[in-house]
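Here is the structure we will look at, set down as structure tokens.
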Amino acid sequence: MGPHPAVAAIRLAVRRVLHDVLTDHTTDPAGTDEPLVLVACSGGADSMALASALAFETRKLPVRAGGITVDHGLQNGSDTRATEVVGRMTALGLTPVEAITVTVGREGGPEAAARDARYAALDAAAERHGAAAILLGHTRDDQAETVLLGLARGSGIRSLSGMAAVSGAAGRYRRPFLQLDRHTVRKACIAQELAVWDDPHNSDPAYTRSRLRHEGLPALEKALGKGVVEALARTAQLSRDDADALDTWAADAETAVRDEAGALECAKLFGLPPAVRRRVLRRAVIAEGAPAGSLFARHIEEVDRLITGWRGQGAINLPGRVEARRQGGRLVIRQG
């Protein structure tokens, strides 16, 4: 008798990603040893199912499997819980296994600050252990929530594209479960009798994503019928394809709108399609030091008005102490 259908589904998803990692590794001239793949595990159902599938699949493949849990220190007993998660990953046969304690700042709000601290810790762990990839347990439901959050921010088509299946430096982060719903992943944990931890932050209405998960999405499904999550995930993929094409166009166009000294020429920028022009402006602002995560559509719209609605307005202040001003027919972007 084969595994439970939910267990089979998560294992297949992980197996496909591991084959991709192996393919990438064998094309690397230095890739002589078995690659190490780490799972980022909070102890919740999604990441425990991922850890279990990783441990199972790597028994049959030339891949080493380890795990990282990040203690954000935001709840009483979080250190104890991190120790428990390390124990559970070790019991699955993962090695190396590590708990990392981080300090969460305040920039961008509690959710964004925790995310930034977590990814910084995971990046450091990958470098320290020489990991080829880190697996993340985001599901199709998480993708739908991300699309809705991007829509609410009015951040454009890139935000609507949600999370990529492969992201980070050199494709470090892999998300095997983006085509699987949360219910399937939880059923896999039940079928394997995996102990899981339900983070109270996930049901705390103080957090935007929590409100969306427990109030927003159910309300949409009640109004529009079932299938909202699947439709939003499909929208993410279509949006990502469009955004990738526009980003490529913008990268090619950027050279053509600069003068011999490398300055952006307003007249040439004006001639670009708006979607391409705004991408050129965003790339230029980030290149001068504006943090990408703090740069929203409204910022780029203000800079764009220096091109399309010039009325002699002064400099535009942007995140990262970057400013943009129009001067002598050129767009000057620099740290103020």
Side-chain angles (χ1 to χ4, degrees), residues 1-21 36-61 63-71 81-99 115 118 122 125 131 133-146 162-167 172-203 209-210 213-214 217 229-230 233:
M1 183 176 178
H4 187 281
V7 176
I10 66 168
R11 288 177 178 174
L12 176 60
V14 169
R15 189 181 316 143
R16 287 171 172 164
V17 168
L18 292 178
H19 280 297
D20 290 342
V21 171
L36 170 65
V37 176
L38 300 172
V39 58
C41 185
S42 67
D46 300 344
S47 59
M48 281 303 300
L50 185 57
S52 173
L54 176 64
F56 180 85
E57 291 298 326
T58 51
R59 295 171 193 161
K60 302 174 289 183
L61 293 170
V63 177
R64 294 178 293 130
I68 302 293
T69 188
V70 178
D71 174 14
R81 200 152 37 245
T83 300
E84 291 173 353
V85 174
V86 165
R88 291 171 189 171
M89 290 192 289
T90 302
L92 289 171
L94 301 182
T95 185
V97 172
E98 183 180 7
R115 182 178 62 249
R118 180 167 60 253
L122 292 174
I134 298 178
L135 305 190
L136 304 175
H138 298 120
T139 64
R140 188 169 62 191
D141 300 78
D142 296 309
Q143 184 74 298
E145 293 162 9
T146 301
M163 296 175 286
V166 180
S167 65
R172 169 174 291 162
Y173 292 105
R174 314 284 176 122
R175 297 176 174 87
F177 291 170
L178 283 184
Q179 301 302 317
L180 299 176
D181 61 72
R182 193 173 288 141
H183 184 59
T184 296
V185 174
R186 188 167 285 274
K187 282 198 296 187
C189 288
I190 294 171
Q192 298 174 95
E193 298 182 346
L194 293 175
V196 300
W197 170 63
D198 289 317
D199 186 348
H201 282 175
N202 290 336
S203 56
R209 187 177 285 269
S210 175
R213 179 174 302 177
H214 297 287
L217 269 173
V229 168
E230 292 87 340

Residue pair M48, L92: steps toward the side-chain contact (heavy atoms from CB on, under 4.5 Å) verdict: CA-CA 10 Å; M48 281 303 300; L92 289 171; 4.3 Å; yes
Trace of the side-chain contact (heavy atoms from CB on, under 4.5 Å) decision for V21 with V63: CA-CA 9 Å; V21 171; V63 177; 5.8 Å; no
Criterion salt bridge (Lys or Arg N to Asp or Glu O under 4.0 Å) on R175 and D46, from CA distance to verdict: CA-CA 11 Å; R175 297 176 174 87; D46 300 344; over 6 Å; no
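Counting heavy-atom neighbours within 6.0 Å of H4 NE2, excluding the residue itself, gives a total above 12. No more than 12 heavy atoms of other residues, nucleotides or ligands sit less than 6.0 Å from atom CZ of R186. Surrounding CD of Q179 are at most 12 heavy atoms belonging to other residues, nucleotides or ligands under 6.0 Å away.
Inspection of the R64 and T95 side chains reveals no N or O donor paired with an N or O acceptor under 3.5 Å.
Judged purely by atom type and a 3.5 angstrom limit, D141 uses its side chain to pair as donor or acceptor with the backbone of R182. For T139 (side chain) and D181 (main-chain N/O), no donor-acceptor pair under 3.5 Å exists by modelled atom type. When atom types are taken as modelled, the side chain of Q143 and the backbone of H138 share no donor-acceptor pair closer than 3.5 angstrom.
For L136 against P176, the heavy-atom pair with the smallest separation is O-CD, 3.5 Å. For the pair G66 and L54, the tightest heavy-atom approach, listed with the atom from each and the gap, is O-CD2, 4.0 Å. Here the closest non-hydrogen pair linking A191 and V7 is CB-CG2, 3.9 Å. When all heavy atoms of L94 and A51 are compared, the pair lying nearest together is CD1-CB, 4.2 Å. Looking at every heavy atom in both residues, A133 comes nearest to R174 through CB-CG, 4.0 Å. Here the closest non-hydrogen pair linking Q192 and S52 is OE1-OG, 2.7 Å.
Residues L135 and V17 are in side-chain contact: their nearest non-hydrogen atoms beyond the backbone lie under 4.5 Å apart. Looking only at side-chain heavy atoms (C-beta outward), F177 and V185 come within less than 4.5 Å of each other.
In this structure, CG in L18 is found 7.0 Å from OG1 in T58, a value given to the nearest 0.5 Å. Distance check: M89 CE to L38 CG gives 9.5 Å after rounding to the nearest 0.5 Å. Here the NE2-CZ distance, from H183 to R140, works out to 12.0 Å after rounding to the nearest 0.5 Å. Atom CG of residue L122 and atom CD1 of residue I134 lie 5.0 Å apart, to the nearest 0.5 angstrom. Taken from CD in E57 to CZ in R16, the straight-line distance is 11.0 Å, to the nearest 0.5 Å. Distance check, rounded to the nearest 0.5 Å: OG of S47 to CD1 of I68 gives 12.5 Å.
Here R213 pairs with D142 in a salt bridge; the nearest charged N to carboxylate O distance falls below 4.0 Å.
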